[in-house]
Amino acid sequence: MIYAIIIDFNDFYDDLNDVWSTRLQLPNGAVIAFWKCKIKYVNSNESHYLKITSAQKQNISECLILLSFFTTLPLFTFEYNFEKTEEILDERQLENPSVSEWLEKLSTIERKLNYKKNRNHSEEQFFMYFKPIERVAKLQLDNTKILTGFSNEARKNLTKTFLEQLFLSNFDNTFFDQETLTELAGELNSTLNNSLERKNHRRIVLALSSITNNLDDGDSTKSTLLKIDSNRVQELVKIRNDIAHGNKVNVSPDDLIDVEYLSRQLITLVFFGINFKQVYLRSKKFNTDFWS
């Protein structure tokens, strides 16, 4: 099924009082391909119109908006109706210099937009998977009380012992009373906790360590998660920040694989207590089953 619309250039004369005779710099009868559409331009003594056909209405709407922007003519503002047609347009007058110029520029526009579309898709996909990682990591720290519970008190005692030895060995055999050492240990531990909690990368690494530590050593999920170490998480966080700030970033297939794996596993391990494979409903993406 082919859809078609017609933009009548008489609308410029009737609605906009166009005394300058608005027109496209294309020869009468030229037919060109762009944005999965065929575009026919007619400018004769009898009629003056633009006809756009495609198998999908959305292609036509998008094509019209793009032509409006890049020609500077408000083509999309005029009323038009989608009609079904049997006419198959063949490209014509491709050797005409004006047509050649249009085709070269339309090729550049389409190539740049398709690259941007694919890039944006990768970035959106990455961000979609990364968001749950951030939330699950924070939830895991809250639930396990790694920074506030029993382990926090144990760290204070370790810090206190460390400080006592540090002052004796590196501060001219200085000896502080227990109250002072306890106070210093509390201050240092509080600074450490704040530093760990403040950074996205550090929260994720702490939560990930907490989760993998509870998995059996022979578990393949554990060995895979351990490969996504602090350095790798740092790289993923940098990509996330670049996307969020609108910076130019290249999201590789490996980046998408790691962030998707991490996202799915953290969600099921934290909320269900099992790895993702145990609840995975088999399917294929790009003709590949990535989880079986």
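Quick note: numbers below take in every heavy atom, side chains included, and nothing from hydrogens, waters or symmetry partners.
- Atom OG of Ser252 and atom CD1 of Ile239 lie 6.5 Å apart (nearest 0.5 Å).
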Are Ser107 and Leu103 close enough, and set up right, to give a side-chain contact (heavy atoms from CB on, under 4.5 Å), and what steps lead you there? CA-CA 6 Å; Ser107 176; Leu103 289 174; over 6 Å; no
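- Here Glu91 pairs with nothing under the salt bridge (charged side-chain N to carboxylate O under 4.0 Å, His left out) rule; sequence neighbours left out.
- Counting heavy atoms from C-beta on, the side chains of Gln56 and Tyr3 never come closer than 4.5 Å.
- Note that CG of Asn59 is 12.5 Å distant from CG of Leu64, once rounded to the nearest 0.5 Å.
- Other residues, nucleotides and ligands contribute more than 12 heavy atoms inside 6.0 Å of the CZ atom of Arg232.
- Dense packing is recorded around CD of Gln178, with more than 12 heavy atoms of other residues, nucleotides or ligands lying under 6.0 Å away.
- Sorted by first and then second residue, the salt bridge (Lys or Arg N to Asp or Glu O under 4.0 Å) pairs involving residues 179-207 (not counting sequence neighbours) form an empty list.
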Test log, rule side-chain contact (heavy atoms from CB on, under 4.5 Å), inputs Ile39 and Leu50: CA-CA 7 Å; Ile39 302 167; Leu50 187 70; 3.5 Å; yes
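- Taking Asp142 as the reference, Lys138 meet the salt bridge (charged side-chain N to carboxylate O under 4.0 Å, His left out) condition, with sequence neighbours excluded.
- Between Phe130 and Leu262 there is no side-chain heavy-atom pair separated by less than 4.5 Å.
- Looking only at side-chain heavy atoms (C-beta outward), Pro27 and Val99 come within less than 4.5 Å of each other.
- In this structure, Leu141 and Ala207 approach most closely via the heavy-atom pair CD2-N, 4.0 Å.
- Put simply, the side chain of Gln125 reaches to within 4.5 Å of the side chain of Tyr129, judged on heavy atoms.
- Shown here for Arg23 and Tyr41, the closest heavy-atom pair between the two residues is CB-OH, 3.3 Å.
- Within the 4.5 Å cutoff, side-chain heavy atoms of Val233 are placed close to those of Val237.
- Taking OG1 of Thr212 as the reference point, atom CD1 of Ile228 lies at 10.5 Å (rounded to 0.5 Å).
- Under the 4.5 Å side-chain criterion, counting only non-hydrogen atoms from C-beta, Arg240 is in contact with Glu134.
- Taking the side chain to side chain contact (heavy atoms under 4.5 Å, CB included) definition, one finds that Ile109 meets it with Phe34, Phe70, Leu106, Leu113, sequence neighbours left out.
- To the nearest 0.5 Å, atom CD1 of residue Ile7 and atom CG of residue Leu67 are 10.0 Å apart.
- Side chains of Ile267 and Phe276 form no contact here, defined as non-hydrogen atoms less than 4.5 Å apart.
- In this structure Asp242 satisfies the salt bridge (charged side-chain N to carboxylate O under 4.0 Å, His left out) test together with Lys238, sequence neighbours excluded.
- For the pair Phe126/Val249, no side-chain contact is recorded, criterion being any heavy-atom separation below 4.5 Å from C-beta on.
- The number of heavy atoms from other shown groups lying within 6.0 Å of CZ (Phe82) is above 12.
- Here the closest non-hydrogen pair linking Gly29 and Arg92 is O-CB, 4.0 Å.
- Atom OG1 in Thr161 sits 12.0 Å away from atom CG in Leu166 (nearest 0.5 Å).
- Residue pairs meeting the salt bridge (Lys or Arg N to Asp or Glu O under 4.0 Å) criterion with at least one partner in residues 213-224, sequence neighbours excluded, are Asp217-Lys222.
- Summarising the local packing, CD of Glu86 is surrounded by 12 or fewer heavy atoms from other residues, nucleotides or ligands at distances under 6.0 Å.
- Counting only N and O atoms by type, the side chains of Asn194 and Thr191 include no donor and acceptor under 3.5 Å apart.
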